Structure formats: C-alpha cells, structure tokens
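Being a predicted model, the structure only gives us computed values, none of them experimental. We name chains A, B, ... by the order of the sequence lines, and we start the count at 1 in each one.
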There are 2 protein chains.
Amino acid sequence: MLSDVMEDYLKAIYTLQTEDGDPVATSAIAEYLDVTPPTVTSMVEKLEDRGLVEREKYKGVELTAEGETVALEVLRHHRLLEAYLTEHLDYSWSEVHDEADRLEHHISEEFERRVADALGDPEVDPHGDPIPSEDLAPIAEDDTTRLSDHTEGDTVVVARVSDRDDEELRYLSNAGITPGTRVRVVGVAPFGMVTVRVGERETPEASPNGESQGREQSLPESVAASIRVRRTETEGATPESGVGGA
Amino acid sequence: MLSDVMEDYLKAIYTLQTEDGDPVATSAIAEYLDVTPPTVTSMVEKLEDRGLVEREKYKGVELTAEGETVALEVLRHHRLLEAYLTEHLDYSWSEVHDEADRLEHHISEEFERRVADALGDPEVDPHGDPIPSEDLAPIAEDDTTRLSDHTEGDTVVVARVSDRDDEELRYLSNAGITPGTRVRVVGVAPFGMVTVRVGERETPEASPNGESQGREQSLPESVAASIRVRRTETEGATPESGVGGA
DNA sequence: GGTCGCATTTAGAGCCGTCTAAAGTTTAAG
DNA sequence: CTTAAACTTTAGACGGCTCTAAATGCGACC
C-alpha cells in the first residue's frame, strides 16, 4: 500500500537519522533524494498522516517505530539483493547498488525468503553493511570507527564501505580495500588525507587481493570517512575521541 | 523513459493482437488490464503520440514495429524471470507469474544478460512460451494447436499452457499436465469438455509425473483451449480445420 | 434504410509526486 | 537587540494514470 517513493523517503530518513541521532532536516532529505525541499515537505506530511514519521514544523522529522520497521524491510531487501547479485549472478561489488535500489521495492515476501535461503541468511551484505533480520528488529549499534579518525600506526580491519558511490567503490576495489582487508595507517596529511599500507584480508576466501598486498594507498578525507573499520585484537587502535562530524 | 504502465499496455496489445491478428479493441485491453475503457482510450492516445501504436478511432489499435520491440523486450524479461525463478530459486511452476509481472519492468539490461547466461539462453519458459531472442526479432508463428480443437483418438504433446491463471496452473500441475507431457484424447463431451489420458513426458528430465501416469483427466473447454499442443510424429493428429476462435 | 444497442470517446474530476515562486520562521551575526 | 541569511513551508501549477457520467459513432436487425 506504500508507494515506492514513500519507501525511498523512509529509507532516506532512516539512513540520515542513524548517522547522527538527531531529527532529520528537510534539506538533508531533499539532497539525499535529489528533489526540492517543498517536495520533501509535502511528502513528509503524507508520511505523518500515515503514522510513519513524527514531525515538528521547521525542526525536522523522525521515524516512528512503524516507519522504522518499513525502512528496515526495504533495507533488508536492498542488502539481500546486493548479496544475491554478487554471489549468484556474478555482479561485481560496485555494480550492485543501482540494481538493488530498483528491485528492492518490487520483490515479494516469498522472493525475500528464497533469496535469504539461497544465501544461508547472511548477516552482512558485500559492502559490510548489516542486513536487518527477518523480524525487522532494530539493528544493534555498531562498534566501528571511521578510518579518518585514526592516526599513524593504527592497524585496523575494514568493516564497511559506503555503497552509494560507484566510482569510489571501483577505486577501493582496485586498491584492494574491501571489507575484511587489514590496513595500517602510515600517515595522516593535512585536511585529513590518510595514507595506509594495504595488508592481507582476514578471511582470505573468495577474492584475494594479491597484487595490492603491501601497497601504500592515499585516500582523501571524504573517502577515509566513509570507510568504517574495527580495531584488530592484537593492537590498541582506538581513535582520538570526539573527532567525529559531518 | 516509458512508464511501467505503458509497458503493460504494449504487452497487453501484443498478447491480444497475436491471438487473432486483428486490431485490438479498446474493451479487450480494458478487460485484460482491469481498467475502464476511457482509461484505455487516453493511454492509447499517448502511445500513439510516441509512435508505439497505430490507431483508427472506434476501430482498434495495432503495435508499430517500435511498439512491438518494446513489447518483446518486456516479454523477454518476463519469461527469463519465470525461468530463472523456477530453476534457481525453487519457485514452482504456478507461483512464478506474479513475481515476474512486477520485476519485468525494473531489471536492467545487465540483469537480463546475466540471467540469460545463468540459464544458458533458453528458448522457452517453464510454461512453454517462447522467450524473445536478445535482438528482439519477431517471434516465429508457432505450429501448435489448441487441445480443444482435437478429437477422440488424437495423441499429442503439450507445448504451452497459459501462465495467467494460478489456479488453473496448480490444477494442471497436479494432473501431471505440463509442457512435454504426452496426452491422448479419449473423449470430447458436449460444450467442449475434453477427457484425456495422461501419458509419460517426452523429455523425462526434472519433474517426472509418475503418479499421474495413465490417469484420465477431464478438462473444461476453457482450460483445454488454453493448452497448446503439437502432434506426435508417429500419428496423424491434425485437428479439424477452422474450429479456432476466441 | 431507419433505429436501437453497444462500443468508444469526450468531458471533467481526483490523487500522486514533482516543480517554481513567494511568504514565513529560525538563527546567527553584528 | 536588530536584522540579514538560511532554511522551511505555503500556494499554485503540471503531467501521469485513473475514474464516472455523458455524448457520440457504428453496426446489426427488422
């Protein structure tokens, strides 16, 4: 009964909200979905009428529990599709997002279940993003930090990369930086440019990144900020606190 | 650039047109798509503006070459999806149609190609319907006849069944009547009710219909008319001529 | 060959999602 | 504390797809 478009708004609000906990601004949604702010205002009113969001005029919008469930359902579809396309239809890591973005609104519960079965109920998609469980329970807070918040000497394992930018994904893929890759920060230049030495993957499995092994890679701040990492068990690698931000 | 809805109209016109060669009536499209006739008139005007159909007021509508290509593209998507869902996602024969009807409008060329690859470029879908080739060349006339046009004693092989009615499909599936099944007409009752003896499948492969083997099945006229059959090489089984019809 | 019934089209309306232009609110800067 | 800048909402419009009600055309039957 919800339109594709409504689902997109809920997904956008979910994504923007979980990034920083605050109510989501009209303009942020507009930018994320590439529409004008008045369009967002009118859509958000409809979502409010349906009890999917709560809103305070001029302040921002938040999902209700029901709205969040819808967002999680769509997200589950999206990420299962990404995983399926990668594993069973030979899509590469970076091609998968747009296809999933279209299909996520049109698959049945049946399809969702069969895809999940075929994959063995995975917990993360190929970009390392967690796949909401079948019961659509809220996703637990994650324990990752931004690569850009680390300093020289830290050794970390890549946990997640953003799935929204094809070009960035191709670049990282080329550089051998994928979820599971161990990297060591060898330098932080002004403006947040981070240089890392690419190590071997923790779980070597499918795609070995042989030729990138040991190479040094410099990453612009924006890219380093969208890479979420987890510290290795062997070394302390806690980032300085309070460096987060937009 | 075409909307889902436009694609549905083109597909409907294609289907209705190839059933009897004549221009397609507004009311036929309306019934097929479950909308009102005025809706069809206005949509058909838009399709005409785009050069996808030709139309004579109060007479009917036909696809242009371009319109037919679009219809074939959508049909290719639909039938590849039906085949894929059946072969790789464990869907049953009768569940597949609705899922394909939704997804057909939203898959990329990429997806189409990868699915076709995974299937090995099949020529027919699970219902026996021909899958348009990648170049979308018009589909050759088929050499099948309606089961309902045959008479007592004819032995034929099921070539295609309609994919539009779940219930009918489940019924036939239960009766062991699927594409490839050999049947012998043992009686034709008044009002076209046909009774057949179900034989073994020509290509035994995947789903054997063991328990239905040799059973007799009576099929109402409407069902027998939607089953397309091909005569066996061993016996003459040409239907009476000129019995075709809506 | 007229007339009646059915098919089709025209007319007018509504909802959805979007836009631009204008008006209103909030907030930060002076 | 005033005011300007930035953000948000209101107002009004449009194209897409659908509907109902009314007008029109076609064809068949007497």
Side-chain angles (χ1 to χ4, degrees), chain A residues 1-13 16-17 19-20 22-63 67 70-71 74 101-102 104-106 245-246, chain B residues 1-13 16-17 19-20 22-63 67 70-71 74 101-102 104-106 245-246:
Chain A
M1 205 26 244
L2 291 185
S3 68
D4 300 6
V5 175
M6 284 182 178
E7 290 182 353
D8 281 334
Y9 277 83
L10 294 172
K11 191 174 60 152
I13 295 165
L16 295 167
Q17 185 169 287
E19 268 173 15
D20 64 2
D22 298 339
V24 180
T26 302
S27 55
I29 301 171
E31 191 189 345
Y32 192 89
L33 294 176
D34 198 25
V35 295
T36 60
T39 303
V40 173
T41 299
S42 80
M43 189 67 226
V44 161
E45 278 166 5
K46 279 172 208 154
L47 294 173
E48 191 179 26
D49 291 345
R50 299 199 184 207
L52 298 165
V53 303
E54 254 161 45
R55 170 174 113 94
E56 206 179 333
K57 269 195 189 175
Y58 292 98
K59 286 298 175 11
V61 62
E62 287 180 81
L63 295 177
V70 173
V74 178
D101 243 6
R102 272 176 288 109
E104 64 189 4
H105 306 295
H106 305 287
Chain B
M1 208 20 249
L2 291 186
S3 67
D4 300 7
V5 176
M6 284 181 179
E7 290 181 353
D8 281 334
Y9 277 83
L10 295 172
K11 193 174 61 151
I13 295 166
L16 295 168
Q17 185 170 288
E19 268 174 16
D20 64 3
D22 298 338
V24 180
T26 302
S27 53
I29 301 170
E31 190 188 347
Y32 192 89
L33 294 176
D34 198 24
V35 295
T36 60
T39 304
V40 173
T41 299
S42 81
M43 189 67 223
V44 161
E45 276 167 5
K46 279 172 208 152
L47 294 172
E48 190 179 26
D49 291 347
R50 298 200 185 206
L52 297 165
V53 304
E54 254 162 45
R55 170 174 113 94
E56 205 180 333
K57 268 196 191 175
Y58 294 97
K59 286 297 174 14
V61 62
E62 287 180 80
L63 294 177
V70 173
V74 178
D101 243 7
R102 271 176 288 108
E104 64 188 5
H105 305 296
H106 305 287

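Whole-Å rounding puts the A/L10 CG to C/dG17 P distance at 11 Å.
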Pair B/L47-B/V61, side chain to side chain contact (heavy atoms under 4.5 Å, CB included): steps then yes or no: CA-CA 10 Å; B/L47 294 172; B/V61 62; over 6 Å; no
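The number of heavy-atom neighbours closer than 6.0 Å to CD of A/E54, taken from other residues, nucleotides and ligands shown, is 12 or below. Few gaps surround CD on B/E45; more than 12 heavy atoms of other groups in view lie less than 6.0 Å from it.
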Please encode protein proximity along nucleotides 8-18 of chain D as a string of B, S and -, counting only heavy-atom distances under 4.0 Å. BBB------BB
Please set out all donor-acceptor pairs under 3.5 angstrom arising from side-chain atoms of residues 5-13 of chain B, sequence neighbours excluded.
unit_1: B/E7; atom_1: OE1; unit_2: B/H105; atom_2: ND1; d: 2.6
unit_1: B/D8; atom_1: OD1; unit_2: B/H105; atom_2: NE2; d: 2.8
unit_1: B/K11; atom_1: NZ; unit_2: B/D101; atom_2: OD1; d: 2.7
unit_1: B/K11; atom_1: NZ; unit_2: B/E104; atom_2: OE1; d: 3.3
unit_1: B/K11; atom_1: NZ; unit_2: B/E104; atom_2: OE2; d: 2.7

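By the 4.5 Å heavy-atom criterion applied to side chains, A/M43 and A/V35 are not counted as neighbours.
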